[in-house]
Amino acid sequence: MFRSLPMGMDVDGMARRLEKVLVPIFFGLYLLVGVLIHTDYGVSWDEPISRTNGLVNLKYVHATLVPGTAIVGMDDVPDLENWADKDYGVAFELPLVAVERALGVGEEDLYPFRHLVIFLFSVLGILAVYGVARFVYEDWRLGVLAALMLMLSPRIFGESFYNSKDIIFMAAIAMAIYTFTRMVTKPGLLLAIFHGWMSAFAIDVRIMGITIVAATIGILVVRAVKKDFPASRVLTCLLAYLVATAIFVVALFPYLWADPAGHFMDALGSMARFRWNGWVLYLGNHYLAAQLPWHYLPVWILVTTPLTFSALMMVGAVHGVRTLSTNRIALWVSEIQMLELSYLALLFVPTIAIIAMRAVVYDGWRHLYFIYPSFVLVAVAGFAALMRRGRTSHFLKIAVSVGLVLTFVSNGYWMVQSHPLQNVYFNALAGRHWKERFDVDYWGMGNRAALEAIIKADGRRVISIKAISATPLDRALLSMPVDDRERFVFSTPESKPEFILTNYRFAKFCEGMCDLTDYALFYQKKIGGEVIVSVFRLRDLSLADTVTRIDRRYSADEFRSLSYRIERRYKRGDQTYIDLRIDNAGPLPISAASAVGTPIRVSWRFLDEEGVATEGWNTRRDLPRDVRAEGSLTMSIPVADSMQVPGGTLQVSLVQEGVFWGHDIGIPDANFPWESSRP
């Protein structure tokens with residue numbers, strides 16, 4: 001179909017034999033590396049919630065298909081109709097949790113198993129991009145080039161083990177691009193149905209997969225107008241594709257079953273107004289996610305993608321623009337040009353649309369990873385264009401090839417040196433001190449190694465630690481042995497634990513409780529000269545708050561030994577707090593932690609002026625330390641502005657989780673009039 005590129009070697013029998021030997025070895029080695037290292041990665045911030053999305057939908061599917069029955073062990077899984085993320089696609093998560101449960105994957109193996117599956121699925125995406133480049137240019141070497149660009153993009157590689165959202169969507173889009181490529185070059189009914197399946201799968205991972213549908217319709221309509229194929233053939237295949245896509249989209253997305261059209265539009269609307277408006281560090285300033293500058297995404301892509309790859313992409317983009325300007329209304333004069341322009345559109349149109357819609361994005365450009373297969377294919381088109389020019393400039397051909405080889409080697413070396421924190425890669429354009437200008441370890445992947453260092457050095461049973469930055473310490477424990485997990489107690493912000501950890505993300509917002517005066521550096525991890533995560537330890541351990549873990553439930557009589565009252569209301573920065581004093585009149589201390597899943601926690605709500613609760617007892621806060629026998633504890637509680645009821649009453653109670661509430665066994669709640677003029 002296409003002419004081979006003049007790259008210095010004819011695609012003859014010898015080349016085909018090399019392809020049959022080298023390509024399987026190439027991918028086999030990559031697979032081997034991934035299998036060997038997949039257990040090295042901790043659990044990222046989003047993984048537990050992503051898995052819960054799958055469980056919620058599995059529960060719904062089972063209840064729908066087998067009414068009147070329930071899945072054992074899923075009583076605590078929320079119902080779909082009450083689940084906040086019910087409009088989030090689960091085409092990957094639902095089968096994954098089903099397989100996990102069918103295989104009986106144990107607690108300690110749960111996340112390593114997930115990481116292996118995520119990696120294997122990402123490999124399918126790389127194979128798809130290889131297949132596209134191999135098909136378009138009829139040269140397996142360009143397929144390998146495309147695959148290497150994906151494999152040796154540090155952030156993409158690292159997240160290929162734990163990012164079950166963005167990396168999975170990227171791989172799904174890559175596979176859909178492959179079926180798209182085959183579909184628009186030779187439309188057929190079976191291919192239309194298969195492409196519909198892949199398009200639907202991508203849509204049901206992330207709704208932005210509709211870009212593939214738009215591209216397919218656009219290219220096929222233009223091909224029909226240009227009379228490349230009979231109009232009847234194109235129309236038949238296009239209808240088959242759209243029907244197949246619609247059927248599979250609904251089949252793979254349980255949320256759509258009750259109301260396919262209405263719920264799909266809801267999911268589509270959620271894409272642009274996603275439910276998150278936290279703070280983002282960008283170019284040294286903090287912005288709300290809904291108020292980011294338009295250049296946030298382009299800059300992030302530029303500073304976190306290997307420069308050689310970006311340069312080749314720009315060459316490919318210029319090559320595409322030249323093609324359009326030369327062909328004008330004809331758009332393309334060959335199928336290679338058609339496909340190169342298609343990949344260019346799949347790269348830039350979604351990016352521009354997301355910027356124009358001011359869609360909520362955060363954590364770098366991970367929400368746009370799905371454009372990266374197109375980015376790579378445009379870069380390959382740029383490389384191919386330079387090689388064609390190499391006919392007249394031998395130096396150019398050598399310089400580009402050497403530059404690529406050096407990039408692959410340096411990227412590989414950096415990835416080995418930084419393992420398993422490839423997710424913090426920045427290139428030279430980020431400059432020095434990039435930690436001060438950009439969010440770095442937003443996944444919290446450095447936490448596991450830090451906690452393991454503490455375990456190795458500290459032989460005692462209970463270890464108290466708190467984070468003074470925005471990082472998910474509890475996730476780090478999920479990939480560690482159960483015995484090690486049970487040794488840690490995560491202290492509240494106002495406590496003084498033995499250890500303090502920071503990954504420096506939003507450390508300035510740590511509620512004014514980040515005093516390290518009595519602490520010394522215990523552990524530190526550096527990448528590229530920047531400190532990614534640090535752990536500090538109390539110099540004098542006698543100053544640490546006492547934190548123990550009870551291995552039983554408290555009795556009602558023991559619980560009744562407690563009383564509590566609100567002492568004051570005040571502000572620290574923009575945050576409103578109250579101080580709650582808890583008195584223990586009993587002969588036994590009250591532990592701050594529990595080994596049986598029944599810790600004592602503080603909970604609060606508001607009553608309106610009529611004494612009616614405005615919401616349930618939903619908020620919780622752990623005790624910062626033990627309450628001594630016949631002693632007391634004063635702890636600060638943050639009260640969100642959104643829940644305050646001026647003129648109402650703040651009501652505070654204690655709960656032993658899953659056992660009883662203080663007010664249910666006769667302990668009066670702590671009530672505090674909430675005057676609008678205070679504090």
Side-chain angles (χ1 to χ4, degrees), residues 89 122 124-126 128-130 132-133 136 146-147 149-157 159-160 163 165-181 198-199 201-203 205-216 218-219 271-272 274 292 294-321 339-382 423 425 427:
S122 75
L124 293 179
I126 296 174
V129 173
Y130 164 85
V132 171
V136 172
M149 292 176 72
L150 282 165
M151 294 173 179
L152 294 176
S153 294
R155 284 179 176 258
I156 300 298
F157 176 84
E159 294 188 36
S160 292
N163 186 346
K165 295 180 177 180
D166 312 293
I167 292 296
I168 296 301
F169 184 42
M170 184 192 78
I173 286 290
M175 289 184 273
I177 288 175
Y178 178 81
T179 55
F180 160 85
T181 300
M198 290 312 310
S199 299
F201 185 88
I203 291 169
V205 174
R206 278 259 170 89
I207 204 75
M208 274 298 291
I210 59 174
T211 55
I212 287 292
V213 178
T216 303
I219 295 297
M271 175 191 69
F274 189 70
L292 289 169
W294 70 267
H295 46 76
Y296 176 81
L297 288 172
V299 169
W300 258 98
I301 294 171
L302 197 59
V303 300
T304 59
T305 304
L307 288 174
T308 306
F309 301 173
S310 294
L312 286 175
M313 183 278 294
M314 292 176 186
V315 172
V318 170
H319 170 68
V321 172
L339 293 171
E340 288 178 341
L341 291 174
S342 298
Y343 308 144
L344 190 63
L346 287 169
L347 169 59
F348 283 104
V349 172
T351 305
I352 294 170
I354 288 173
I355 293 172
M357 290 189 305
R358 299 187 66 83
V360 174
V361 292
Y362 50 93
D363 296 345
W365 64 287
R366 67 179 182 87
H367 296 96
L368 252 72
Y369 281 177
F370 73 94
I371 68 170
Y372 202 56
S374 300
F375 181 106
V376 167
L377 291 169
V378 172
V380 170
N423 62 300
Y425 171 81
N427 63 37

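Residue Glu159 comes nearest to Tyr369 through the heavy atom pair OE2-OH, 2.8 Å, listed as atom of the first residue, atom of the second, then distance. Scanning all heavy atoms of the two residues, the minimum distance from Leu307 to Asn427 falls at CD2-ND2, 3.7 Å. Contact record, Val213 with Ile203: CG2-CD1, 3.9 Å, taken as the closest heavy-atom pair. Residues Phe348 and Ala317 approach most closely at CE1-CB, 4.1 Å, considering heavy atoms. Taking each heavy atom of Ile177 and Pro373 in turn, the nearest pair found is CD1-CB, 4.2 Å. Summarising the geometry of Ala128 relative to Ala174, their closest heavy-atom pair is CB-O, 3.5 Å, with the distance given to 0.1 Å.
If you take CE on Met314 and CG on Leu302, they are separated by 5.0 Å, rounding to the nearest 0.5 Å. Here CD1 of Ile168 is found 8.0 Å from CG of Asn163. Values are rounded to the nearest 0.5 Å. Atom OG of Ser153 is separated from atom OH of Tyr425 by 8.5 Å, given to the nearest 0.5 angstrom. For the atom pair CZ of Phe201 and CD1 of Ile173, the computed distance is 11.0 Å after rounding to the nearest 0.5 Å. Taking OG from Ser342 and CG from Leu347, the interatomic distance works out to 12.5 Å, rounded to the nearest 0.5 Å. Atom CE of Met151 sits about 5.0 Å away from atom CD1 of Ile126, to the nearest 0.5 Å.
The side-chain heavy atoms of His367 and Met208, taken from C-beta on, include no pair separated by under 4.5 Å. Counting only heavy atoms from C-beta outward, the side chains of Leu150 and Tyr130 never approach each other to under 4.5 Å. Residues Ile219 and Phe180 meet the side-chain proximity criterion, which asks for heavy atoms closer than 4.5 Å. Side-chain atoms of Pro154 and Pro306, non-hydrogen and from C-beta on, do get closer than 4.5 Å to each other.
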Start with the C-alpha gap between Phe157 and Ser122, add the side-chain angles, then the distance that decides, and say whether side chain to side chain contact (heavy atoms under 4.5 Å, CB included) holds. CA-CA 9 Å; Phe157 176 84; Ser122 75; over 6 Å; no
Between Ile371 and Leu346, does the side chain to side chain contact (heavy atoms under 4.5 Å, CB included) criterion hold? Intermediate values first, please. CA-CA 7 Å; Ile371 68 170; Leu346 287 169; over 6 Å; no
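In this structure, a donor-acceptor pair under 3.5 Å is absent between the side chains of Thr305 and Tyr372.
Scored by the side-chain contact (heavy atoms from CB on, under 4.5 Å) test, Ala379 finds Met149, Leu312, Met313 as partners (sequence neighbours excluded). For Leu297, the side-chain contact (heavy atoms from CB on, under 4.5 Å) partners are Ile354, Ile355, Val361, Trp365, Leu368, not counting sequence neighbours.
In this structure, Tyr296 contributes its side chain and Gly364 its backbone to a donor-acceptor pair below 3.5 Å.
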